[in-house]
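Read the structure below first, then the notes.
Throughout, a chain's letter reflects where its sequence line sits, starting with A, and its residues are numbered from 1.
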Amino acid sequence: MNVFNYLSDVIRMEIEALCDAGALPAGLDLSSVSVEPPREAEHGDAACNAALVLAKQARRKPREIAEHLAERMEGRVEIRAAEVAGPGFVNLRLTDEFWWARLSELLATGPGYGATNLGGGQPVNVEYVSTNPTGPLHVGHARGAVVGDALANLLAHMGFAVTREYYVNDAGAQVDTLARSVHTRYREACGEAIGTIPEGLYPGDYLVPVGKALAARDGRRWLEEPESAWLPEIRRFAIDAMMDLVRADLDALGVRHDVFRSERELVDEGRVDDAYAALEAAGLIYSGVLEPPKGKRDEDWEPREQSLFRASAFGDDTDRPLRKSDGAWTYFATDIAYHRDKIERGFTDLIDVWGADHGGYVKRMKAAVAALSGDSASLDVKICQMVKLLDGGEPVAMSKRAGRFVTLRDVVDEVGRDVVRFIMLTRRNDAPLDFDLRRVTEQSRDNPVFYVQYAHARACSALRRGAEIVPEPELAPAALARADLTSLDDPAELDLIRRLCQWPRVLVGAALAHEPHRIAFHLQELAADFHLLWTRGKDDPRLRFVDGERPAETRARLALISAVKIVIAEGLALFGVEPVQEMR
RNA sequence: GCGCCCGUAGCUCAGCCGGAUAGAGCACUUGAUUCCUAAUCAAGAUGUCGCAGGUUCGAGUCCUGCCGGGCGCGCCA
């Protein structure tokens, strides 16, 4: 049960009853009535704004409405107290019995508590990573990869039919550069002296084995050929090799995709022409000359007539070119075709996860999606800000030559996949993130990964000890759901139950807002409540989780601990992080 | 010059379609360990929510303008 949805329904019923009784006029619009956890614990378990929202349309004073509502709420068995507070809030306090019942419910549900069919099977396309296949992934890419992956996990958990997608930019000039770079390494592998890598080619060592592999496969046949002869073949070979590299890097992070969509295939299949024709038919393409960009160096700029998409008709600042001067498609044109491809595959709910350097691109892509779908599809772009890599507070040099910790693989090898994944989700995607290699592996309160994992490990530890008192079959969540929980009457214990019961609400909020970081914050708060209770048991033997002298109380507390373990494990699973059983 | 994002405690950040006296952690001070992991916990102090207007019962949250920082700005992807 989502407690707040439940209370919201109850409040609506009681308002209807007040209307029927004539205390309020009929036909009130209740859409903005909400029941939420109050910021301050003193304000009770839940606060309702109904009286404030309804005052104007009911033509009554807020407090007067609140008094009536509070009176009715107090009449309900699950309500211990309903108080009018402040300008007209109704603060609700629920009985202990109500909370114990919720804990039982959580345990009876077991793993998967909080998962709902919010999405109703609606298809959602989440596109993330989508880096150019020209080299290994760097730390910056890890953030988008993890955010996209966790968001996809979350949406799938909440009943959306999620497709995880990677757009392979294998058609532009950069992959030609890649092919030339590989050809150079190929000549090297064939025994030619290549000297320093020419300016404009990719110098990285990661291409050395690619050159060797090409030489091993094709021998010396490309040495005497002109570029036009070898470029397509070597380009294909190089892209395949780079995508293998990228996939391996993603695999090291535990990030996966369902679909790898190739830009080149879109072009070859004529999908860009189709998209162009569709926009043209809609009268959204014209030939025109753009204003020169201001504030940027203008020397090379000259007026040029181009095929322009009327992005400005859909909220963009200016219209955007679709063809380069040589007639080739711009990146935007192929990206339009790609998003049209998604829409044609039946997606009306599109999410793109991009890096900060693509921020200026959001409006035009949204404009394109609006134009292509006739406003029936929505695009949400999650821009991931920079990751600042630190080591003990000092910035880590990010130059390729320095070679230290610049690649995603290096960071994963250094601190571990789970740490990278969790830390990447401890900030809103649109805020910059400090990633301190030393701090994230510290075992201390200010390392959120550790703090949450430690709570899980402690829960496991207590359950292991509990197994010495309570027979194994009775330790299963479904069995603990039937335990007598009435001894869980300490405020700290009830606070913990309340926190656990917020989980369904957190998941819904995070899923609707596309904000997985909310889960990280909730897990930290849950861990804090749990650690507090744990330490309290040191002072107050009555609160200890496992006590052989008092099996009934032990059973109740093991139920509580089991619930903590379930929620933390579920949250970590959404993040793709393995919960640890013990930490030594 | 224009666009997007950000600006909340000394530091790093939460703040959920506008809600009550704006919250955590770190750092600082003090305290808790024969007791389930003290790798933890408790107590104390900390604010012109960048600035100025506006919208309304109510603004950190919405609107406008300014200031500061980041990212970007046709024929790169």
With both distances under 3.5 Å as the test, what is the Watson-Crick or G-U wobble partner of [N]?
N	result
B/C66	B/G50
B/A9	none
B/U40	B/A32
B/G3	B/C71
B/U56	none

With a 3.5 Å cut-off and just heavy-atom distances, do the side chain of [X] and the base of [N] make a donor-acceptor pair?
X	N	result
A/N91	B/A20	yes
A/R323	B/C75	no
A/R505	B/C16	yes

Verify stack between A/F89 ring and B/G19 base, 5.5 Å, 30 degrees: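 Ring-base stacking flag not set for A/F89 and B/G19.
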A/H43-B/A20 aromatic stacking (under 5.5 Å, under 30°):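 The base of B/A20 is stacked with A/H43 (centres under 5.5 Å, planes under 30°).
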Close N/O contacts between protein and nucleotides 24-29 of chain B (under 3.5 Å):
none

Nearest heavy atoms of A/A55 and A/I65, plus distance in Å: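 Closest pair (atom of A/A55, atom of A/I65, distance): CA-CD1, 3.7 Å.
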Shortest non-hydrogen contact between A/R12 and A/L30, atoms and distance: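 Smallest interatomic distance, heavy atoms only, reads NH1-O, 2.9 Å.
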Sequence-aligned protein contact record of nucleotides 55-69 of chain B, with B where the base is within under 4.0 Å of a protein heavy atom and S where only the sugar-phosphate is: --S--B---------
Geometric cation-pi criterion, [X] with [Y]: 6.0 Å, 45°:
X	Y	result
A/R445	A/Y451	yes
A/R458	A/F530	no
A/R505	A/F4	yes

For [X] and [Y], take the angle between the two ring planes, folded into 0 to 90°, and tell me which bin it lands in: parallel under 30, tilted 30 to 60, perpendicular over 60.
X	Y	result
A/Y454	A/F450	parallel
A/F545	A/W534	perpendicular
A/Y276	A/W329	tilted

Quick one: which protein N/O atoms are closer than 3.5 Å to N/O atoms of nucleotides 8-11 of chain B? Pair and distance per line, please.
none

Below 4.0 Å: OP1/OP2 of B/C5 and any side-chain N or O of A/R427: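 No, because none of the side-chain N or O atoms of A/R427 sits under 4.0 Å from OP1 or OP2 of B/C5.
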